[in-house]
Student: 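Next up is a structure, given as structure tokens.
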Amino acid sequence: MRVLHLADVHLDAAFAGLGAAVSRRRREGIRAAFQRSIDLAVQEKVDAVTIAGDLYEDERVRQDTAEFLRQQLARLQCPVLIAPGNHDYWHKGSLYATMAWPENVTVFSSASFTAEEVSGVRIFGIAHHQPKGTPDLLSGVRAGRGARAIALFHGSERGQMPLQDSGKEDHAPFSEEELGRAGFAFGLLGHFHTPRQTQRLVYPGNPEPLTFGEAGERGPVLVDLAPSHPTVEWRRVATFTLEEREVDVSGCQHSDALVEKLEEAVPEGQDRGVRLRVVGDLAPGIRMGTTELLDRLRRGDRCVELVMDARPALDLESLSQAPDARGQFVRGLMARADFESPLVQAALAAGLDALRGEEPRLL
Ligand SMILES: [Mn+2]
């Protein structure tokens with residue numbers, strides 16, 4: 001008994017702040033990754049496709065995407081079981097409730113577990129009915145007697161939140177022990193975007209990268225539910241790659257040199273995104289804000305984000321001539337034999353920050 005398991009596809013995600021053209025390409029990437037997942041399920045002749053929530057984003061999903069979903073799922077000869085999560089929670093106006101889904105698709109709409117039998121295995125699914133505040137879905141649950149029981153739901157394994165993406169809320173918290181106590185041999189889960197696998201559960205992770213910092217294998221998994229410890233294989237379907245690069249801009253004397261240096265670090269190709277961490281000393285003459293820099297770096301609709309960690313370089317010559325406490329402070333330090341030492345340089349930077357009324361940088 002083999003299933004293709006997916007979660008956290010996030011069709012129609014917003015990708016705010018990347019510009020209209022790039023965010024549209026990213027959404028197309030999500031669709032392509034989903035389509036490839038369905039291709040994979042067809043090729044692998046799996047017994048079922050399971051989806052553990054966040055298939056789409058309720059407040060943003062478009063009719064066009066709904067039609068796309070319907071057409072893709074109808075390509076499958078096998079059952080498709082969907083357990084709605086927090087982003088695609090079940091409600092009367094939801095796509096799940098209002099759309100005519102293909103016959104092979106079952107959307108678990110109840111807020112209690114119900115079972116579907118597939119190839120001699122019972123798959124128990126459950127729906128979130130609200131976008132937040134869903135309690136522990138496993139509490140008091142017993143799978144009962146019968147064929148092997150597998151759980152399919154969207155939830156947060158307790159103790160794993162700190163390892164997951166910042167800003168994630170604790171939706172439907174549960175523990176691995178609870179899965180066992182409830183009589184489930186395995187959990188096909190969703191919610192955590194960072195993939196996770198134990199002997200008793202799997203979080204496949206989002207198939208298409210959604211934010212920077214998502215490295216490693218993620219996306220659909222082929223799960224063989226027959227062995228006592230089910231086996232899990234990750235398959236890559238992503239279209240975009242997102243990289244992070246650090247660029248030291250010390251030595252760039254003017255804004256064009258700065259832009260050129262950063263452009264060199266932007267990878268070629270429309271499906272490669274990069275987050276540039278800008279470090280080093282920014283020449284004193286450069287007065288270029290992040291917005292203006294991004295405008296230039298995103299020419300040709302490239303997928304670029306910036307983290308500005310560069311500090312303005314100190315113009316010691318003019319600082320030492322300042323007719324105030326700053327000038328006195330700088331002249332005092334410059335007179336020292338150990339002026340070039342890291343400690344004095346750090347004291348210089350911290351002192352100037354303090355004299356400007358800023359929080360001193362860390363020594
Ligand atoms: Mn999600």
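Order of listing sets the numbers, starting from 1, for every ligand and every atom in it.
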Student: Could you check H128 against N86 for side-chain hydrogen bond (donor to acceptor under 3.5 Å, both in side chains), going step by step and ending with a plain yes or no?
Tutor: CA-CA 6 Å; H128 285 230; N86 57 295; 5.1 Å; no
Student: Answer yes or no for H193: is there an N/O/S atom below the 2.8 Å cut-off from the Mn ion (ligand 1)?
Tutor: yes
Student: For the Mn ion (ligand 1), does an N/O/S atom of H87 lie at less than 2.8 Å?
Tutor: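 No, outside the cut-off.
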Student: Give a rough value, rounded to 10 degrees, for the angle at the Mn ion (ligand 1) between atoms NE2 of H10 and OD1 of D8.
Tutor: 120°
Student: Which residue pairs satisfy the side chain to side chain donor-acceptor pair (under 3.5 Å) criterion with at least one member in residues 15-34, sequence neighbours excluded?
Tutor: R25-Q270, R31-D64, R31-T65
Student: Name whichever N, O or S atom of D54 ends up nearest to the Mn ion (ligand 1).
Tutor: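 This residue's closest N, O or S atom turns out to be OD2.
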Student: Can you tell me if CZ on R296 sees more than 12 non-hydrogen neighbours from other groups inside 6.0 Å?
Tutor: yes
Student: Using the rule given for side-chain hydrogen bond (donor to acceptor under 3.5 Å, both in side chains), can you reason through H5 versus T50, listing the C-alpha separation, both sets of side-chain angles and the distance that settles it, and then say yes or no?
Tutor: CA-CA 5 Å; H5 178 58; T50 54; 2.8 Å; yes
